[in-house]
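Per chain, numbering begins at 1; letters A, B, ... match sequence-line order.
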Amino acid sequence: MRQGKIRYIGLSEAPADLIRRAHAVHPLSAVQTEYSLWSREVEEEVLPVLKELGIGLVPYSPLGRGFLTGQIKTFDDLPADDYRRYYERFQGDNFAKNVEVVALIEQLAAEKGVTPAQLGLAWLLAQGEQIVPIPGTKRLERVRENLGALEVRLSADDLLEIERISPKGVAAGGRFGTF
Amino acid sequence: MVRKRKLGSQGLEVSALGLGTMMMPDSEESADTIRGALDLGVTMFDTADLYGDFALGQFGGNEKTVGRALRGRRDEAVVATKFGVTHGQGPKGDPAYIKKSVDACTLTAHDMSVTFESKPSRFRKGSPRQIADSKRSTGQSI
């Protein structure tokens, strides 16, 4: 920071008490953690603290590692060397349950004339003004699609409907896997 | 134009959606996607010392992929990198290691550093305090 090479500081996957302690040592600009329609743990303690302290939130895997895009219909859609094969939510019964929820999200997205990815990102953006998701993709066309989420306006009814079809804790399986 | 959002209260403002680059191989397509995203108005790019071409079993190197893609346009982008979690070397946060992470990208500057931290016990000897020290020693504000 002295050389001006680092201008802002953040933490990744930090619990609320660590965020408070770190922020007292040096102001944090952002905290990064997984946050999406099927990973909402951050809403319990972390997000309230970030709002209180004026710290940004940068959600990673905002589309559940691709699952919430609706592009992955079966386990075999994942290439043999795909790391997601080791994640609980992509396996067996969990996959079957999760894909049902995604089907409902796809249906709602279609009704609104948007893609499931755009709906998922728009929902995330609606959870707070200080939220900046970082969907990952290798392809520019996906970047373009994701940016479309910024044009999606969700009404209070839309948000309630999303909550109904994809309530907190809906995902079957833990956030991570075993390698 | 893509609208912006503020991160924190230190003046950082980025496009309301950033681009995660963790899964990007070090390829022309990746570089094209990064530059194309910048053309579309995306201004925040997220990388880490740890990231690389996982499919090839290569860890590290993703910062360089991002750095090279942004060469010549660095001032248009905010790059967020992460350190603290290493591949096989345990948690790390000493100044030399962090400097390597920042310089490795051939970037003139990183705008934001995010440390991978989860256990409070690590924080005592971790990197944020050291960075805070460097700030205190100059009295600069960010």
Give, for atom CD of A:Gln130 and atom NZ of B:Lys6, the distance between the pair rounded to the nearest 0.5 Å.
12.5 Å
For A:Leu50, is it the side chain, the backbone, both, or neither that has a heavy atom closer than 4.5 Å to a heavy atom of chain B?
neither
Is the count of non-hydrogen atoms from other residues, nucleotides or ligands lying under 6.0 Å from A:Glu45 atom CD greater than 12?
no
Approximate separation, where rounding is to 0.5 Å, of B:Lys82 NZ and A:Tyr60 OH:
9.5 Å
Enumerate by number any residue of residues 132-143 of chain A whose heavy atoms lie under 4.5 Å from heavy atoms of chain B; in the absence of such residues, state 'none'.
A:Val132, A:Pro133, A:Ile134, A:Pro135, A:Gly136, A:Thr137, A:Lys138, A:Arg139, A:Leu140, A:Val143
Proximity breakdown for A:Leu150 and chain B, heavy-atom pairs closer than 4.5 Å
both
Where is the tightest heavy-atom contact between A:Gly54 and B:Ser9, given as atom of each residue plus distance?
O-OG, 3.3 Å
Looking only at B:Gly11, B:Gly41, B:Ser27, most heavy-atom pairs under 4.5 Å shared with chain A are made by B:Gly11
Could you measure the distance from the CG atom of A:Asn146 to the CG atom of B:Leu19? Nearest 0.5 Å is fine.
8.5 Å
So, taking the atom named CD1 in A:Ile131 and the one named CG in B:Leu7, what distance separates them when rounded to the nearest 0.5 Å?
10.5 Å
Shortest non-hydrogen contact from A:Leu125 to B:Arg5?
O-NH2, 3.0 Å
One should read off an interatomic distance between B:Gln10 CD and A:His26 NE2, to the nearest 0.5 angstrom, of 7.5 Å
Using a 6.0 Å cut-off, check whether atom CG of A:Asp93 has over 12 heavy atoms from anything other than its own residue.
no
